[in-house]
Amino acid sequence: MIKLYVFLTSATGTDPFRHRGAAALAELHRVAPTAMEYVQTRASDRQLTDDPPPFAGAAEFRFDYAAPAVDAAANVAALANLWADGVSVAGVVVGHERTIMRLPAHAHGQGIKGVFPFDRKPGLSIDYFQNYWWRTHGPIAARTEGALAYFQCHPLCQLYEDGRPGFDGVTELHWPDFAAAEAAMASRQMREDQSQDAQNFAEAGTVQLFMAEEEMVQP
């Protein structure tokens with residue numbers, strides 16, 4: 001599955017999306033008819049710090065193939081009627097979505113998730129970075145306390161030929177509620193096991209974590 005993230009910022013702090021429910025679905029079919037799935041992710045009212053979240057939300061599309069996803073990313077302005085007035089695109093990522101861990105209790109549109117876009121450590125090749133993050137760090141992060149699902153999005157290598165994508169990777173961790181997420185982020189497993197290993201592949205200071213809630217528009 002190929003995933004397209006469009007990260008959104010808003011100066012007003014209001015809902016970044018113009019539509020909900022059936023109206024959002026109708027607009028999706030107009031502007032992105034080849035998308036197999038569409039999720040409107042909004043930054044939660046509760047965050048892990050007192051700082052405002054780096055993004056107001058993210059429009060998330062899933063495609064069966066790379067070509068329509070790359071085309072949508074190249075023409076992201078054509079999708080703009082999905083988000084509200086005053087909202088800006090802060091970053092775009094197209095990549096392979098890898099499901100590292102997913103429990104039967106997980107369902108998109110329920111609970112809360114942490115979204116972690118970040119850049120790779122300087123000096124690492126794309127292949128080495130993606131392989132390490134997937135095969136070495138993945139099993140470590142899959143043991144996140146209380147998590148229901150863990151996904152990685154690896155940007156398509158072809159995108160680097162025309163310049164760097166918005167981020168070198170996007171992590172999603174899903175929990176049943178904010179309390180579970182807060183406990184996991186404060187756990188020894190997160191603070192030591194994951195944080196120490198992340199130094200091997202992620203550039204320090206580039207992670208832009210925000211806690212978010214999903215609206216599943218087209219499952």
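What you see is a predicted model, and the numbers here were worked out from it, not measured in a lab.
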Trainee: Going hydrophobic residue to hydrophobic residue with side-chain gaps under 4.5 angstrom, can you get from L28 over to M216?
Mentor: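 L28 does not cluster with M216.
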
Trainee: Kindly assign one of parallel, tilted or perpendicular to the pair F201 and F129, based on the angle between their ring planes and the thresholds 30° and 60°.
Mentor: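 Answer is tilted, since the angle falls between 30° and 60°.
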
Trainee: Could you tell me whether the side chain of V217 reaches within less than 4.5 Å of the side chain of F17, counting heavy atoms only?
Mentor: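 No, side chains not in contact.
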
Trainee: Decide, yes or no, whether a salt bridge links D15 with R20 under the criterion of side-chain N to carboxylate O below 4.0 Å.
Mentor: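 Salt bridge: yes.
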
Trainee: If I compare all heavy atoms of A90 with all of T9, which pair ends up nearest, and what's the gap?
Mentor: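 Minimum heavy-atom separation between A90 and T9: CB-CG2, 3.6 Å.
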
Trainee: I'd like to know if the side chain of R18 reaches the main chain of A84, judged simply by a donor and an acceptor atom lying under 3.5 Å from each other, with no hydrogens or angles considered.
Mentor: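 No: the side chain of R18 does not pair with the backbone of A84.
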
Trainee: Test side chain to side chain contact (heavy atoms under 4.5 Å, CB included) on W134 and I100; report intermediate values, then the result.
Mentor: CA-CA 8 Å; W134 181 16; I100 311 300; 3.5 Å; yes

Trainee: Donor-acceptor pair, distance only, cut-off 3.5 Å: does the side chain of W175 make one with the backbone of E145?
Mentor: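 Judged by distance alone, yes, a pair lies under 3.5 Å.
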
Trainee: Honestly curious: do L159 and M1 fall in one hydrophobic cluster under the side-chain, below-4.5 Å linking rule?
Mentor: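 Hydrophobic grouping puts L159 apart from M1.
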
Trainee: For G114 and M211, which heavy atoms make the closest approach, and how far apart are they?
Mentor: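 Scanning both residues completely, I find the closest heavy atoms to be CA-SD, 3.9 Å.
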
Trainee: Using the rule given for side chain to side chain contact (heavy atoms under 4.5 Å, CB included), can you reason through L82 versus V31, listing the C-alpha separation, both sets of side-chain angles and the distance that settles it, and then say yes or no?
Mentor: CA-CA 8 Å; L82 287 168; V31 300; 3.9 Å; yes

Trainee: With heavy-atom distances below 4.5 Å as the criterion, would you say the side chains of F118 and D168 are in contact?
Mentor: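 The answer is no, as the side chains (C-beta and beyond) never meet within the 4.5 Å cut-off.
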
Trainee: Donor-acceptor pair, D177 side chain versus A180 backbone, under 3.5 Å?
Mentor: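 Side chain of D177 to backbone of A180: a pair is present.
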
Trainee: If Ile, Leu, Val, Met, Phe, Trp and Tyr residues are connected whenever their side-chain heavy atoms lie under 4.5 Å apart, and connections chain through other members, are F210 and Y5 in the same group?
Mentor: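 As far as the 4.5 Å side-chain criterion goes, Y5 and F210 are connected within one cluster.
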
Trainee: Would you mind reporting whether L25 and Y38 have side-chain heavy atoms less than 4.5 Å apart?
Mentor: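 No, too far: nothing below the 4.5 Å cut-off.
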
Trainee: Would the distance check show the side chain of R143 and the main-chain N or O of P139 forming a donor-acceptor pair, the cut-off being under 3.5 Å?
Mentor: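 Side chain of R143 to backbone of P139, a donor-acceptor pair under 3.5 Å: yes, one is there.
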
Trainee: Quick check, are the ring centers of H108 and F151 under 6.0 angstrom apart?
Mentor: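 Here the rings of F151 and H108 have centres that are less than 6.0 Å from each other.
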
Trainee: Does C153 reach the side chain of R98, with side-chain heavy atoms less than 4.5 Å apart?
Mentor: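 No. Closest side-chain heavy atoms not under 4.5 Å.
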
Trainee: Take E213 and R46 through the salt bridge (charged side-chain N to carboxylate O under 4.0 Å, His left out) test and state the conclusion after the steps.
Mentor: CA-CA 10 Å; E213 299 172 3; R46 298 181 65 187; over 6 Å; no

Trainee: Start with the C-alpha distance between I2 and E97, add both sets of side-chain angles, then the distance that settles side chain to side chain contact (heavy atoms under 4.5 Å, CB included), and finish with yes or no.
Mentor: CA-CA 6 Å; I2 304 298; E97 183 178 53; over 6 Å; no

Trainee: When you compare the side chain of F63 with that of V94, does any pair of heavy atoms fall below 4.5 Å?
Mentor: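 When only atoms from C-beta onward are counted, F63 and V94 do not touch, as no gap falls below 4.5 Å.
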
Trainee: Listed by chain and number, what are the salt bridge (Lys or Arg N to Asp or Glu O under 4.0 Å) partners of D119, not counting sequence neighbours?
Mentor: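 Only R164 meet the salt bridge (Lys or Arg N to Asp or Glu O under 4.0 Å) criterion with D119.
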
Trainee: Are S88 and L8 close enough, and set up right, to give a side chain to side chain contact (heavy atoms under 4.5 Å, CB included), and what steps lead you there?
Mentor: CA-CA 6 Å; S88 300; L8 305 171; over 6 Å; no

Trainee: Verify whether one side chain among Q158 and Y160 offers a donor that lies under 3.5 Å from an acceptor in the other.
Mentor: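 Result is no, nothing qualifies.
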
Trainee: Short question: side chain of R191, backbone of S195 - any donor-acceptor pair under 3.5 Å?
Mentor: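 No.
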
Trainee: Return the set of residues passing ring pair (Phe, Tyr, Trp, His ring centres under 6.0 Å) with F167 (not counting sequence neighbours), or none when no residue passes.
Mentor: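 For F167, the residues satisfying ring pair (Phe, Tyr, Trp, His ring centres under 6.0 Å) (neighbours in sequence not counted) are F7.
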
Trainee: Is there a side-chain contact between L156 and V70 (heavy atoms, below 4.5 Å)?
Mentor: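 Side-chain contact under 4.5 Å: yes.
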
Trainee: Determine yes or no for a side-chain-to-main-chain donor-acceptor pair under 3.5 angstrom, with Q130 supplying the side chain and P155 the backbone.
Mentor: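 Yes, because the side chain of Q130 sits within donor-acceptor range (under 3.5 Å) of the backbone of P155.
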
Trainee: If hydrophobic clusters are built from ILVMFWY residues whose side chains come within less than 4.5 Å, do V207 and V115 share one?
Mentor: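 No, V207 and V115 fall in different hydrophobic clusters.
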
Trainee: Counting only heavy atoms not in M36 (residues, nucleotides, ligands), do more than 12 fall under 6.0 Å from its CE?
Mentor: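 For M36, atom CE is not crowded (no more than 12 foreign heavy atoms under 6.0 Å).
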
Trainee: Using a 3.5 Å distance criterion without hydrogens, assess whether the side chain of N131 forms a donor-acceptor pair with backbone atoms of D127.
Mentor: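 Not confirmed, N131 side chain does not pair with D127 backbone.
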
Trainee: Between Q218 (side chain only) and A35 (backbone N and O only), is there a donor and an acceptor less than 3.5 Å apart?
Mentor: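 Between the backbone of A35 and the side chain of Q218 there is a qualifying donor-acceptor contact (under 3.5 Å).
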
Trainee: Out of E214, E215, E60, which residue meets the salt bridge (charged side-chain N to carboxylate O under 4.0 Å, His left out) rule with R42?
Mentor: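 When E214, E215, E60 are each tested with R42, the salt bridge (charged side-chain N to carboxylate O under 4.0 Å, His left out) holds only for E215.
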
Trainee: Tell me, do Q110 and H174 make a side-chain contact under 4.5 Å, heavy atoms counted?
Mentor: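 No, too far: nothing below the 4.5 Å cut-off.
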
Trainee: At their closest point, which heavy atom of A147 faces which heavy atom of M101, and how far apart are they?
Mentor: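 Shortest heavy-atom contact: O-CE, 3.7 Å.
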
Trainee: Under 4.5 Å between any side-chain heavy atoms of Q152 and V170, yes or no?
Mentor: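 No, their side chains stay 4.5 Å or more apart.
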
Trainee: Should E203 and K121 count as an ion pair when the cut-off is N to O under 4.0 Å?
Mentor: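 Between K121 and E203 there is no salt bridge, as every charged N stays at least 4.0 Å from the carboxylate O atoms.
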
Trainee: For this output row, return yes or no: ring centroids of H96 and H154 closer than 6.0 angstrom.
Mentor: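 So the answer is no for these two rings.
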
